Protein chains: 2
Amino acid sequence: MTESQSSRDKILDVAEALFAQRGYAGVGLRQVAEAAGLVKSSLFHHFRGKAQLYAEVLGRVLVRIRERLDPVLESGTDTERKLDRWVDALIDALAEHPTTARLLLRGLFEEDDFRADSVPEAEAVEETIAAILDGIQRLLKEGVDTGAFREVSVPHTVQTLIGATVYHFASGELGEGLLGRPLLSAEAVRRRKLELRDLLHHGLVGANRPRARSALEGRS
Amino acid sequence: MTESQSSRDKILDVAEALFAQRGYAGVGLRQVAEAAGLVKSSLFHHFRGKAQLYAEVLGRVLVRIRERLDPVLESGTDTERKLDRWVDALIDALAEHPTTARLLLRGLFEEDDFRADSVPEAEAVEETIAAILDGIQRLLKEGVDTGAFREVSVPHTVQTLIGATVYHFASGELGEGLLGRPLLSAEAVRRRKLELRDLLHHGLVGANRPRARSALEGRS
DNA sequence: GTCTATAGTGAGATAGAC
DNA sequence: GTCTATCTCACTATAGAC
């Protein structure tokens with residue numbers, strides 16, 4: 001965020017914003033260069049080409065997310081609280097930069113477009129995704145095995161969690177039209193956590209256990 | 001599906017598949033033309049340009065979906081069953097063509113790319129989206145007002161439903177890696193409906209009402 | 001490390017013959 | 001309604017001066 005960042009970081013920052021907004025195929029290196037205050041060919045001094053730049057952008061945001069999620073999984077509380085914290089941490093990560101969710105969701109699709117001109121850096125991206133998925137799957141399995149959660153399908157529940165978080169914050173104008181406010185406003189983020197937690201606690205958590213919910217915590 | 005379809009329909013079909021796979025910016029009209037058995041310039045006899053072709057593709061799948069959802073909303077059962085049927089109908093619509101979910105989710109993002117070269121046909125797309133969203137919002141509001149559902153936020157719940165359905169079937173390799181089978185296999189579609197219904201019934205439906213669930217309906 | 005210049009390709013779109 | 005030919009523009013990438 002400071003003005004004394006290297007050209008390389010500046011390029012990554014503007015490329016992240018552009019790829020999130022217009023996608024891999026929709027962004028030209030000319031755009032990226034000019035937004036970074038350079039001329040197009042100067043990019044090739046920092047990155048081998050478009051595909052590598054994209055892979056580095058994607059890898060950077062995935063690592064950012066993983067760094068927020070891993071500590072939650074290692075914390076020593078009960079499974080139910082760990083899931084709450086995991087979801088909150090993911091939402092915080094997505095809400096930190098307005099481009100993150102879109103970049104991730106687009107990344108899911110554009111693998112086709114960009115695996116064509118494949119680069120070795122793409123492997124690091126896949127590994128980080130696998131690690132994140134592995135973490136949440138272990139957590140859910142632990143909950144199901146110990147009876148803290150219903151006997152849900154772990155993969156399907158992972159998909160639901162991704163949809164409820166990444167899709168939501170990537171939904172742009174459609175989501176903002178529904179909510180009537182910016183998706184990343186403090187109120188909307190807070191409310192998203194609350195709604196999702198309530199859904200999970202009534203939907204995931206076994207029904208025949210003592211449950212101390214502070215009824216209707218500050219609804220509008 | 002027959003071989004005696006008009007060139008126009010053939011173009012729409014192959015464009016739908018290509019736009020779903022590679023996105024608006026990622027598809028060239030040359031690809032579309034050759035996949036339809038024509039040369040590029042022949043497309044311009046049927047469509048004014050790339051943006052209009054894309055708008056018509058998008059409009060067609062949205063109308064297909066709306067035609068499946070509207071009858072559910074007009075059926076005369078209780079709110080809870082209507083929601084179940086609405087979700088099932090949406091999943092059936094998404095599972096009917098393997099391209100639908102991706103096309104829709106990409107459509108959310110690519111509005112930027114393609115609103116640039118704006119076409120009047122885009123309005124019909126917006127209207128169909130608005131009608132679909134209005135329908136599910138009314139249904140959810142009815143459920144909250146009558147006490148059939150918890151006091152959830154209607155817009156947030158719409159977002160969760162979209163994420164749990166459209167995202168899921170658009171998730172491609174990531175989703176298939178998680179589930180270990182094709183997303184559109186009969187078993188995976190059946191299971192998705194079941195998992196989502198269970199989540200909603202334990203999460204959306206009020207907890208202090210008589211609930212006759214046929215315990216563990218055929219889990220693997 | 002950034003620049004100018006340029007190669008080489010493919011894009012969307014138009015004109016007009018058949 | 002489909003074709004060939006062509007226009008203009010933007011793209012990724014490279015070469016080489018400074």
Side-chain angles (χ1 to χ4, degrees), chain A residues 2-19 21-58 106 110-122, chain B residues 2-19 21-58 106 110-122:
Chain A
T2 75
E3 302 192 15
S4 63
Q5 55 183 345
S6 69
S7 275
R8 195 189 146 85
D9 288 343
K10 176 96 185 177
I11 293 167
L12 284 170
D13 286 346
V14 303
E16 182 175 326
L18 284 168
F19 281 136
Q21 203 188 11
R22 292 168 125 54
Y24 180 72
V27 171
L29 292 183
R30 187 184 179 230
Q31 281 184 275
V32 176
E34 291 187 354
L38 295 172
V39 71
K40 188 178 46 170
S41 58
S42 300
L43 293 190
F44 292 87
H45 206 81
H46 301 278
F47 304 94
R48 291 196 312 280
K50 191 185 187 181
Q52 190 221 343
L53 171 59
Y54 182 72
E56 293 220 19
V57 167
L58 218 56
R106 293 198 103 125
E110 322 210 88
E111 288 182 8
D112 282 346
D113 257 292
F114 123 95
R115 259 213 273 270
D117 14 39
S118 189
V119 293
E121 282 83 353
Chain B
T2 75
E3 302 192 15
S4 62
Q5 56 184 344
S6 68
S7 275
R8 195 189 147 85
D9 287 343
K10 176 99 186 174
I11 294 168
L12 284 170
D13 286 346
V14 303
E16 181 174 326
L18 285 168
F19 281 136
Q21 201 187 14
R22 290 169 125 57
Y24 180 72
V27 170
L29 293 184
R30 189 183 176 232
Q31 281 183 275
V32 177
E34 291 187 353
L38 296 170
V39 297
K40 190 176 48 168
S41 58
S42 299
L43 294 189
F44 292 86
H45 203 81
H46 301 278
F47 304 95
R48 291 196 311 280
K50 191 183 185 182
Q52 191 222 342
L53 171 60
Y54 182 71
E56 294 219 20
V57 167
L58 219 54
R106 293 198 103 126
E110 321 210 87
E111 288 182 5
D112 283 346
D113 257 291
F114 121 96
R115 259 213 273 272
D117 14 39
S118 189
V119 293
E121 282 82 354

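These figures come from a predicted structure and were not determined experimentally. Chain identifiers are assigned alphabetically (A, B, ...) following the order of the sequence lines, protein sequences preceding nucleic acid strands; residue numbering begins at 1 within each chain. Values below: all heavy atoms of this structure, side chains included; hydrogens, waters and symmetry mates excluded.
For H45(A) and dT12(D), the NE2 to C1' distance is 18 Å, given to the nearest whole Å. Atoms CG (L53(A)) and C1' (dC11(D)) sit 15 Å apart, rounded to a whole Å. One interatomic measurement links the two molecules: CZ of R30(A) to P of dA13(D), which rounds to 17 Å at whole-angstrom precision. If you measure from atom OH of Y54(A) to atom P of dT12(D), you get 14 Å, rounded to the nearest angstrom. Rounded to whole Å, atom P of dA10(D) lies 14 Å from atom CZ of R22(A).
Remark: the backbone N or O of Q21(B) is paired with a side-chain donor or acceptor of R106(B) at under 3.5 angstrom. Side chain of E110(A) to backbone of Y24(A): a donor-acceptor contact under 3.5 angstrom is found. No donor-acceptor pair under 3.5 Å is formed between the side chain of K40(A) and the backbone N or O of G28(A).
Listed here is the closest heavy atom pair of V27(A) and L18(A): CG2-O, 3.3 Å.
To the nearest 0.5 angstrom, L58(B) atom CG is 12.0 Å from E121(B) atom CD.
Protein chain A contacts DNA chain C over a range whose 5' and 3' limits, counting nucleotides with an atom under 4.0 angstrom from a non-hydrogen atom, are dG1(C) to dA5(C).
Contacts of R8(A) classified as side-chain hydrogen bond (donor to acceptor under 3.5 Å, both in side chains), with partners at least two apart in sequence or in another chain: E56(A).
When heavy atoms are screened at a 4.0 angstrom cut-off, V27(A) is found touching the sugar-phosphate backbone but no base atom. If you check every strand for non-hydrogen atoms under 4.0 Å, S7(A) touches sugar and phosphate atoms only.
Residue G37(B) is the one, among F44(A) and G37(B), whose nearest nucleotide of DNA chain D lies closer to the 5' end (criterion: closest heavy atom).
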